[in-house]
4 protein chains.
Amino acid sequence: MSVATVNKPRARDRQATKEALMAAAVTVIAECGYEGATTRAIADAAGCSEALIQRYFNGKEGLLLAILDKEDDRSDAALFLGRPLCSSLAQEAREMLAHSVEKISERSDRIRIVISRALLDEAFKARFNRIWIREDVKSGLESRLARYVYAGMADPDLDIGVAAEMLLSLSFELGFIHRELLQTSPDRTNRLLEQFAEMFGRAISAPLSTGRSVSESGDAPR
Amino acid sequence: MSVATVNKPRARDRQATKEALMAAAVTVIAECGYEGATTRAIADAAGCSEALIQRYFNGKEGLLLAILDKEDDRSDAALFLGRPLCSSLAQEAREMLAHSVEKISERSDRIRIVISRALLDEAFKARFNRIWIREDVKSGLESRLARYVYAGMADPDLDIGVAAEMLLSLSFELGFIHRELLQTSPDRTNRLLEQFAEMFGRAISAPLSTGRSVSESGDAPR
Amino acid sequence: MSVATVNKPRARDRQATKEALMAAAVTVIAECGYEGATTRAIADAAGCSEALIQRYFNGKEGLLLAILDKEDDRSDAALFLGRPLCSSLAQEAREMLAHSVEKISERSDRIRIVISRALLDEAFKARFNRIWIREDVKSGLESRLARYVYAGMADPDLDIGVAAEMLLSLSFELGFIHRELLQTSPDRTNRLLEQFAEMFGRAISAPLSTGRSVSESGDAPR
Amino acid sequence: MSVATVNKPRARDRQATKEALMAAAVTVIAECGYEGATTRAIADAAGCSEALIQRYFNGKEGLLLAILDKEDDRSDAALFLGRPLCSSLAQEAREMLAHSVEKISERSDRIRIVISRALLDEAFKARFNRIWIREDVKSGLESRLARYVYAGMADPDLDIGVAAEMLLSLSFELGFIHRELLQTSPDRTNRLLEQFAEMFGRAISAPLSTGRSVSESGDAPR
DNA sequence: TATGAATGAGTGTTCATTCAT
DNA sequence: GATGAATGAACACTCATTCAT
């Protein structure tokens with residue numbers, strides 16, 4: 001009614017508003033937790049009205065789901081999988097781990113939110129797994145490892161699938177568990193990364209006589 | 001008068017009620033999430049009045065903290081660390097992983113609750129890490145690995161600390177991430193465990209010449 | 001340009017849309033109650049935009065008022081009042097009641113809505129009564145009854161106005177209260193209608209003092 | 001924290017609070033309509049906290065149901081039915097109508113609320129009818145009328161059940177429709193009551209010859 | 001003109017917490 | 001000490017309405 005009535009009416013751009021809400025939600029939830037993040041706070045952060053969370057996402061839960069669905073990004077893995085093979089398995093592991101750690105860290109807020117919720121909500125967990133478990137990524141990784149086997153660099157007796165799984169596990173450990181949960185410093189994470197890669201290389205390298213010879217000596221200590 | 005008071009459950013009840021509340025809280029929170037778990041539901045599950053959560057734990061948050069503190073259990077790691085060395089590194093890894101996976105699964109509810117919260121609450125995360133990162137466990141594990149090195153079974157050039165960290169990482173991956181988050185089946189988890197152990201053994205085994213020379217000295221430490 | 005505008009539905013649509021909105025409102029309100037009926041649901045049912053409720057009716061309340069005003073339909077009562085007199089008062093009552101019950105049932109949704117609201121909203125009730133209480137209908141009915149008196153068929157000592165009121169009361173009872181509120185079956189309603197008509201006939205045809213003296217003659221008519 | 005912190009903590013009397021809430025609800029809903037009556041306003045009027053509406057009545061709807069259930073009062077009809085017979089049928093009708101009108105007017109707020117809602121809510125209507133349709137009252141009334149028949153004062157050929165229904169209909173018309181909906185003045189209501197009673201008496205009195213004689217003259221006026 | 005994006009005031013409801021008993 | 005009645009602040013969500021396009 002008075003002069004100061006100019007309440008910015010926000011751009012009338014449905015898509016932009018939806019994205020502003022999703023970005024705001026990630027920020028606020030990462031800070032306050034899912035239930036701690038009020039729709040009011042999210043709307044304020046997005047610079048729009050609370051009601052739009054209901055209209056566009058069918059409520060707060062829908063907003064979380066939309067964030068989860070956005071996690072379904074096929075592009076960055078493809079990027080890595082398309083690169084030429086490395087000169088050694090250790091180097092391959094190093095680059096794969098480094099790539100993963102970086103990608104995870106870029107999306108760490110979203111991942112924290114989504115995993116935190118998945119741990120306590122069965123339905124959400126199921127949906128999360130449908131999106132998170134990337135069989136294409138795993139099989140892409142297996143293909144690469146298979147090429148090392150073919151090149152005589154990796155032990156043909158090993159289960160390539162398990163090796164791929166181990167690499168994925170280590171990347172999640174370094175990129176998420178250490179960095180986001182245990183708060184390991186970047187320096188230490190990098191050192192671990194280097195040495196995990198080294199060890200992984202040794203673990204699946206074509207057997208030098210060592211592995212065998214040692215097992216021949218097979219006497220248990222003590 | 002004084003006689004009649006004997007009828008009422010007294011003093012010792014306090015401790016029993018506290019524990020009933022904590023157990024109820026774990027159950028209810030695991031089911032509904034932390035904020036989804038109402039004090040009413042917890043009190044009902046514990047068979048007492050809501051007000052006691054206030055009195056005994058200084059509120060709901062205090063109850064969660066009490067649960068976290070209970071995680072600080074020094075006993076089961078000690079159990080494993082006290083066992084005799086294995087006949088091979090792969091076997092050592094196998095037993096360590098199996099032990100961890102079992103222990104984690106026994107406490108999976110509490111761990112899920114606590115990690116879910118730690119991911120989104122900085123203060124809680126700090127407290128969690130003070131309790132969760134068990135330097136004693138890690139150094140115990142390093143000691144065991146060192147004895148394999150001393151026995152010529154492990155590569156003395158490798159960083160024992162990193163190897164221990166890798167083993168811990170793999171155990172968390174298998175015991176928690178796969179079992180609780182990714183819902184990997186027990187069968188597949190066991191298969192992964194076997195092969196991770198195998199690969200870990202190869203990763204840190206002594207290389208060719210070294211292995212031999214040390215293994216010649218082959219007397220078990222201790 | 002001028003040709004193209006013909007493609008767009010124009011001018012006459014305004015009235016059609018208004019009526020679509022009113023019809024939709026009756027349907028939706030009858031189903032969900034007045035406050036339960038959202039403008040969105042009404043607009044959807046009418047196949048147009050919510051904003052038109054604002055533009056055309058000046059808001060939701062205005063839409064209700066428009067519905068109420070439509071109740072002001074002079075035609076059907078006239079229809080009945082224009083018919084020739086019946087051969088008996090019971091028959092007159094029967095036909096009048098049947099006519100009313102039918103008319104009420106045709107408009108039962110609108111009536112339910114409007115009465116439900118009138119019961120709890122003084123202003124609305126006043127407006128409702130201005131429209132609902134049809135003095136013309138009542139006096140038309142009185143005229144008819146007067147003609148039965150004139151014909152010697154009805155007791156001239158009775159208050160014709162009261163008799164008309166009684167007939168109107170009974171028609172409302174049968175047509176609305178029984179059918180819409182008490183959910184009396186159509187069969188039972190019809191049986192009541194027959195006998196109410198019969199009793200009404202006896203009530204106003206008997207000469208005053210007769211009650212007792214005639215009872216001495218004790219033969220039942222019919 | 002300051003001096004003025006003394007927020008009356010209300011008597012700790014569950015039953016009293018429940019009744020205060022129900023009374024407040026009747027008042028507020030009668031004034032504002034069901035949906036217009038906010039739980040906040042009801043709680044304020046009752047002098048307690050909103051939360052108690054949820055706790056005690058399971059929400060606003062439950063509060064309305066509780067009000068409806070209170071309508072289930074067997075006592076006042078019994079009062080009337082226990083009285084001695086009157087000297088005439090007209091007098092019987094007069095007293096019955098007067099009694100009903102008075103009882104309805106005493107509870108008019110509750111009845112308005114409950115009927116207003118029943119008109120637009122099928123489930124509520126069903127529940128309302130289970131409580132409102134008092135077969136015991138109707139059969140009590142029939143018994144009384146039967147005694148007039150036995151005394152030779154009422155026509156034995158008439159359907160006593162229908163006569164009772166008519167009386168109940170007229171009482172509802174006078175007591176509720178006229179008084180609460182049409183806002184007929186008390187004076188006019190009383191005049192109608194007197195004459196309705198008179199007419200009812202004539203309607204069911206033992207038959208007179210008039211009926212016959214008038215029907216004999218059977219030519220329709222006009 | 002008609003639309004639909006946007007809003008803000010206000011809803012019923014929840015819940016950890018307090019406190020008289 | 002233990003209870004449960006009571007609370008108030010805060011919640012997600014609704015909806016009639018406004019207004020730029």
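Below, chain A is the first sequence line, B the second, and so on; all start at residue 1.
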Between L52(B) and N58(A), whichever has its closest DNA chain F nucleotide further toward 5' is L52(B)
Answer with yes or no whether the side chains of E61(C) and Y34(C) bring together a donor and an acceptor at under 3.5 Å.
yes
Per nearest nucleotide of DNA chain E, the residue lying toward the 5' end, R55(C) or A51(D), is R55(C)
Which whole-number value in Å describes the distance from F57(B) CZ to dT17(E) C1'?
16 Å
Tell me the interatomic distance from Y56(A), atom OH, to dG4(E), atom P, rounded to whole angstroms.
12 Å
Between the side-chain atoms of E50(A) and the base atoms of dC13(F), is any donor-acceptor pair under 3.5 Å?
yes
Atom CG of L63(A) and atom P of dC13(F) are separated, to the nearest Å, by 10 Å
Under 4.0 angstrom, heavy atoms only, what part of the nucleic acid is A43(D) near: base, sugar-phosphate, or nothing?
nothing
Paired to dA20(F) by Watson-Crick or G-U wobble criteria (both distances under 3.5 Å) is dT3(E)
Tell me the interatomic distance from K18(B), atom NZ, to dG1(F), atom C1', rounded to whole angstroms.
15 Å
In whole angstrom, give the distance that lies between atom CD of Q54(A) and atom C1' of dG12(E).
14 Å
Closer than 4.0 Å, any side-chain N/O of T38(A) to the OP1 or OP2 of dA10(F)?
no
Nearest-angstrom distance from the residue atom CG of L21(A) to C1' of dA12(F):
14 Å
Apply side chain to side chain contact (heavy atoms under 4.5 Å, CB included) to I111(D) and W132(D), showing your working.
CA-CA 10 Å; I111(D) 297 176; W132(D) 182 260; 4.0 Å; yes
So what does S49(C) hit on the nucleic acid, given a heavy-atom distance under 4.0 Å: a base, only sugar-phosphate, or nothing?
base
Using a 4.0 Å heavy-atom cut-off across all strands, classify T39(C) as base, sugar-phosphate, or nothing.
base
What nucleic acid atoms does A41(C) come within less than 4.0 Å of, heavy atoms only: base, sugar-phosphate, or nothing?
nothing
For K60(A), run the side chain to side chain contact (heavy atoms under 4.5 Å, CB included) check against T39(A), I29(A), L65(A) and tell me which one passes.
T39(A)
Nearest to side-chain heavy atoms of R14(A), which nucleotide of dA5(E), dT17(E), dC13(F):
dA5(E)
Round to a whole Å and report the spacing from CD of Q15(B) to P of dA2(F).
12 Å
Assign each of E35(D) and G47(C) the nucleotide of DNA chain E bearing its closest heavy atom; nearer the 5' end lies the nucleotide of G47(C)
Could you check how far CD1 of I42(A) sits from C1' of dC11(F), rounded to whole Å?
12 Å
5' priority, DNA chain F, between I53(A) and G59(C) [closest heavy atom]
I53(A)
Closest heavy-atom contact between A43(B) and L21(B)?
CA-CD2, 4.3 Å
Under a 4.0 Å N-O cut-off, is there an ion pair linking E19(A) with R14(A)?
no
